[in-house]
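What follows is one structure encoded as structure tokens, with my remarks underneath.
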Amino acid sequence: MSAIDLYARATEGFDSRVAHAVAVLQSAASEHAGRIVQATSLGAEDMVITDLIARHALPIAVATLETGRLHAQTVALIPRIEQRYGLAVEVFKPAQESVLHFVRAHGERAMYESLDLRKQCCAIRKLEPLTRMLAGASAWITGLRREQSGARAEVPLIDTSEQAVKGLIKFNPLANWTWGDVWHYIALHGVDYNPLHDAFYPSIGCEPCTRAIALGEDFRAGRWWWEDEAAKECGLHVAASNLQEKASA
């Protein structure tokens, strides 16, 4: 059974939520012309956002973090996006020297050894490349939704909390969408998606830090499953005094 069969649900207000998401993206593109980027994780939500950007010909750059530990199925989406939409996806990778130094010092399985080492790995593979991705930008777009976890229950459509620190506004156009909305949109428009979603991976990160979930488990139970629930953010979307403290995604 596919993820579409499992999750796609047409619910009241869907068309309005789509229209509102488009309006948020249009406004963001207009207000931050030439200085806005979609930071796509290549997950289902972000594939929907990329489709909306392309479908409405919005001048928004698309970029992703290639951590060096992503599943092959995730990386394979990059050329498929470029071919389907004619959009260039800018890929940001961690500094190779930093990765090699970390692995030599702590090993390939360091993320399982302690929370501190896991966050160091996230900082090297995700946060530093994100800093380069957002250099010169005044706004970025993510696929965060309130339904994803308790930590994200208050996610706003337009988040200005980072503006004072980094000078950036974060737009979350799907903040009020349900998981059923995401998959209903994918089904309606034939949006490409990671086949791991068909294998019960609702939230997909780096390969060592992601597993399939079982029936009844929380949406993000497959991320850093060996850690305490309160620690399950990588830093990309955690309010902090600077970007280097943001290590959860």
Side-chain angles (χ1 to χ4, degrees), residues 24-25 28-29 31-54 58-71 74-82 85-99 102 119-145 152 155 158-175 194 203-207 209-210 223 233-249:
V24 169
L25 289 170
E31 293 171 12
H32 300 273
R35 297 178 299 140
I36 185 167
V37 59
Q38 181 202 0
T40 176
S41 69
L42 304 168
E45 291 93 345
D46 283 307
M47 295 301 287
V48 167
I49 292 172
T50 300
D51 186 85
L52 289 170
I53 288 170
L58 299 175
I60 296 172
V62 179
T64 194
L65 303 177
E66 210 294 64
T67 67
R69 298 304 301 270
L70 299 181
H71 298 81
T74 303
V75 178
L77 286 166
I78 298 170
R80 280 155 44 191
I81 289 170
E82 294 181 322
Y85 300 118
L87 295 174
V89 180
E90 192 167 5
V91 177
F92 289 83
K93 297 182 179 182
Q96 191 65 17
E97 193 172 308
S98 297
V99 172
F102 180 81
K119 288 195 171 185
Q120 285 185 49
C121 187
C122 286
I124 291 167
R125 295 182 183 275
K126 299 170 79 172
L127 301 188
E128 188 279 327
L130 180 72
T131 302
R132 284 184 274 117
M133 179 193 291
L134 299 180
S138 58
W140 59 312
I141 297 165
T142 82
L144 294 183
R145 293 184 302 107
R152 299 179 177 184
V155 167
I158 303 172
D159 186 352
T160 60
S161 64
E162 299 173 355
Q163 195 169 16
V165 177
K166 296 186 296 175
L168 290 170
I169 295 177
K170 182 191 291 181
F171 291 89
N172 309 301
L174 307 189
N194 193 325
S203 179
I204 304 169
C206 290
E207 188 169 8
C209 301
T210 308
R223 303 293 296 277
E233 285 289 345
C234 69
L236 297 182
H237 304 296
V238 176
S241 61
N242 62 58
L243 189 59
Q244 288 304 314
E245 292 179 64
K246 291 180 164 242
S248 324

Is there a donor-acceptor pair under 3.5 Å between the side chain of [X] and the backbone N or O of [Y]?
| X | Y | value |
| --- | --- | --- |
| Asp159 | Ser161 | yes |
| Thr142 | Asn172 | no |
| Thr131 | Leu127 | yes |

Within the 4.5 Å heavy-atom criterion, are Ile60 and Val37 side-chain neighbours or not?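 A side-chain contact under 4.5 Å is absent here.
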Side-chain contact, heavy-atom cut-off 4.5 Å: Gln120 with Phe102?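 They are in side-chain contact.
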Nearest heavy-atom neighbours spanning [X] and [Y]:
| X | Y | value |
| --- | --- | --- |
| Ser203 | Arg223 | OG-NH1, 2.8 Å |
| Ile141 | Pro173 | CG2-CD, 3.8 Å |
| Gly205 | Leu70 | O-CD2, 4.0 Å |
| Phe171 | Glu31 | CZ-OE1, 4.4 Å |
| Lys126 | Leu65 | O-CD1, 3.5 Å |
| Thr210 | His71 | CB-CE1, 4.0 Å |

What's the separation between atom [atom1] in [X] and atom [atom2] in [Y], rounded to the nearest 0.5 Å?
| X | Y | atom1 | atom2 | answer |
| --- | --- | --- | --- | --- |
| Cys206 | Arg69 | SG | CZ | 7.5 Å |
| Asn194 | Ile204 | CG | CD1 | 4.0 Å |
| Cys121 | Lys119 | SG | NZ | 13.5 Å |
| Leu87 | Thr40 | CG | OG1 | 11.0 Å |
| Trp140 | Leu168 | CH2 | CG | 8.0 Å |
| Ile78 | Leu42 | CD1 | CG | 5.5 Å |

If only side-chain N and O atoms count, and only distance matters, is there a donor-acceptor pair under 3.5 Å linking Arg125 with Thr67?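 The answer is no; no qualifying pair exists.
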For residues 45-54, which side-chain donor-acceptor pairs fall under 3.5 Å, sequence neighbours excluded?
from, atom 1, to, atom 2, distance (Å)
Glu45, OE2, Arg145, NE, 2.9
Glu45, OE2, Arg145, NH2, 3.1
Glu45, OE2, Gln148, NE2, 3.1
Asp46, OD1, Gln38, NE2, 3.4
Asp46, OD1, Gly143, N, 3.3
Asp46, OD2, Ser41, N, 3.0
Asp46, OD2, Ser41, OG, 2.8
Thr50, OG1, Gln38, OE1, 2.7
Thr50, OG1, Gln38, NE2, 3.3
Thr50, OG1, Asp46, O, 3.0
Asp51, OD1, Arg55, NH2, 3.4
Asp51, OD1, Tyr85, OH, 2.7
Asp51, OD2, Arg55, NE, 2.9
Asp51, OD2, Arg55, NH2, 3.1
Asp51, OD2, Tyr185, OH, 2.6

Check the pair Glu90, Val62 against side-chain contact (heavy atoms from CB on, under 4.5 Å), reporting the backbone distance first and the verdict last. CA-CA 6 Å; Glu90 192 167 5; Val62 179; over 6 Å; no
